[in-house]
Amino acid sequence: MSKHHLREECGIFGFYRGDEQIHAGETILLGTFALQHRGQEAAGFAIYDGEVLNHYKDLGLVEQVFLSGNIRHINGIIGIGHVRYSTRGKKGKRESAQPFVFFRDSNPVALVHNGNLTNHSELRKLLQSQGVTFVSDSDSESMLHLYIRSGEDPIEALSYVYEQSRGAFSAIIMDGDRLIAFRDPYGFRPLAIGVKGTSVVFSSENSAFDLIGFKYIGDVKPGEAVLVDKNGMHRVQVVPPRFPHHCIFELIYFSRPDSIIFGEDVYEFRKNTGRKLALKESHSIDIVVPVPDSGLPAAIGYAQTINKNLELGLIRSHYLGRSFIEPKQESRSWTVKLKLLPLHSLLSGKSIALIDDSIVRGTTSREIVKRIREAGAREIHIRIASPPLIGSCPFGIDIPTRDELIASNLTIDQIKDFLGVDSLVYLSVEELLDAAKKTKGFCTGCFTLDYPGEVKHEIHSSTGFRQRK
Ligand code: SF4
């Protein structure tokens, strides 16, 4: 519900031009722009034409950074783009923005990465002991050093990257005139492949493929590297896949509703979560109100199932920029007042089902409830299209610590009282997983504290991440 407390780490995009006449700069601009929701802190691109590398990155949104870097006037045969919200690396520092670029015998090697290496502090020490100096504290920079230091054969170099790296990584490397996309063996983060003739794109999400004229042909598989060069596309299973741990939060909230993630239609998944909530309904509901915009697909599924009207009882102000709120760090109450406008005529006297995808700290939800009460609602029943959020994320999603998560500290009854609602219902983990039609094998660690076994010890020892109590 309080979406500014849950952030994706990054979005990545890669482009390889085959025989088609496609403008690299324009394609990378549009492709990366479509990933803006995955990170708004910094953006950057690197484009190579076989001789000259154009590389530009800065703090800010794709539109401002890429246009400042003159991307519309840059063409080339290969390139990558990145949007960032940091969970590792210094926030607000230009040097932690991506792509990271180094040169090997005058050939550029550049990397963009989405995820989080759980053994980063050990990796950094290892690389430092080998004489590496870092320009940032980003785990993505370490990953590029690992790659560069392992010889010129890309598969051998990637084998070393896989051997050394733990945690979540979907990444794209531009190695001279060769583009390589690869994914950790658990498949935590998505990475889609699109083709147009002999040209290829890779992207965290496939939703922009139509816009740039590419056809979605599937995903880079867990443990797999997909290489594209003048001889075409080659797929190599670098390490065996592990039992998949696809991040279920990509489906609940992070990804765009028009994307296919892990083979699931995100919009349909979210509607299914709403349907499942409706099947548990035991109260008399007059109207269904989504918390905009994230609660909308679940609210549609819920309303269709209980056969009640979906009403936009909360209107979101679209013109409220972050800078308007953040310098003052005003109270949550003030922020909610600015952001969400309750429609009194709709809400007054009604029993309302208020639908959202998740509750993080609960403070924003409480303010929203207060506003709806002030608008004259008779009863407010909150329905959450995911289970209680009780754990942090070591794999690249910026979830607050357990101390700050309301469901980690209060019972459902206590949360209901804290929010000031008449009833509160969450989905169970089983119901959530059942909302996925095809995919099996999700990470649900932040709902269950059951993280992939192999990384538990590393998480505990290297990042101080809290373990199950
Ligand atoms: S812990 Fe939660 S947010 Fe992190 S990867 Fe697993 S499901 Fe996703």
Side-chain angles (χ1 to χ4, degrees), residues 1-11 37-39 85-88 113-120 139 165-171 183-191 204-205 219 222 242-255 259 261-262 264 266 269-270 273 294 357-361 384-402 404-408 426-436 439-460 462-469:
M1 198 169 259
S2 41
K3 288 306 154 333
H4 40 290
H5 297 306
L6 273 191
R7 288 166 170 148
E8 175 63 81
E9 190 178 356
C10 294
H37 59 289
R38 298 179 71 90
Y85 171 79
S86 65
T87 57
R88 183 177 292 286
H113 164 219
N114 172 210
N116 192 36
L117 301 187
T118 52
N119 62 335
H120 179 230
D139 54 349
S165 306
R166 299 286 174 271
F169 50 96
S170 282
R183 217 169 149 208
D184 69 68
Y186 289 98
F188 283 105
R189 303 274 147 243
L191 191 53
S204 295
E205 298 183 36
D219 298 337
R242 309 298 298 256
F243 185 78
H245 280 74
H246 304 311
C247 171
I248 195 115
F249 242 114
E250 291 279 352
L251 295 177
I252 296 169
Y253 169 66
F254 292 117
S255 299
S259 290
I261 297 287
F262 313 131
E264 288 294 317
V266 175
F269 174 89
R270 290 179 189 166
T273 58
S294 54
D357 60 278
S358 55
I359 298 180
V360 185
R361 290 181 172 89
I384 302 299
S386 63
L389 188 61
I390 55 171
S392 246
C393 174
F395 306 115
I397 302 297
D398 188 23
I399 296 177
T401 62
R402 292 189 64 193
E404 298 171 87
L405 296 173
I406 190 166
S408 177
Y426 285 92
L427 281 186
S428 68
V429 173
E430 293 69 32
E431 287 161 341
L432 177 72
L433 294 174
D434 201 40
T439 315
K440 300 278 176 257
F442 285 103
C443 175
T444 56
C446 47
F447 300 117
T448 58
L449 304 183
D450 186 11
Y451 300 95
E454 188 188 74
V455 297
K456 267 181 191 159
H457 175 70
E458 289 149 12
I459 293 164
H460 193 53
S462 67
T463 68
F465 183 75
R466 284 157 198 267
Q467 285 295 293
R468 187 195 309 245
K469 279 185 180 162

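Note that the structure is a prediction, hence the values are computed from the model and not measured. All ligand and atom numbering here is 1-based and tracks the order in the structure.
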If the plane angle is over 60° it's perpendicular, under 30° parallel, otherwise tilted; pick one for Y186 and F188. tilted

Looking only at non-hydrogen atoms, which of R189, H245, H246, E250 approaches atom 5 (S) of ligand 1 most closely? R189

Polar side chain donor-acceptor pair, H37 to E205, under 3.5 angstrom: yes

Distance, nearest 0.5 Å, that separates OG of S255 from CZ of F262: 6.5 Å

Listed as residue and atom, the protein N/O/S atoms under 2.8 Å from atom 2 (Fe) of ligand 1 are C446 SG

Would you mind reporting whether D219 and L191 have side-chain heavy atoms less than 4.5 Å apart? no

Compute whether any side-chain donor of one residue and acceptor of the other, for S294 and D357, lie under 3.5 angstrom apart. yes

What distance do I359 atom CD1 and L405 atom CG have between them, rounded to the nearest 0.5 Å? 11.5 Å

Enter the distance from L389:CG to I399:CD1 here, rounded to the nearest 0.5 Å. 5.0 Å

I'd like to know whether ligand 1 has Y451 as a neighbour, heavy-atom separation below 4.0 Å. yes

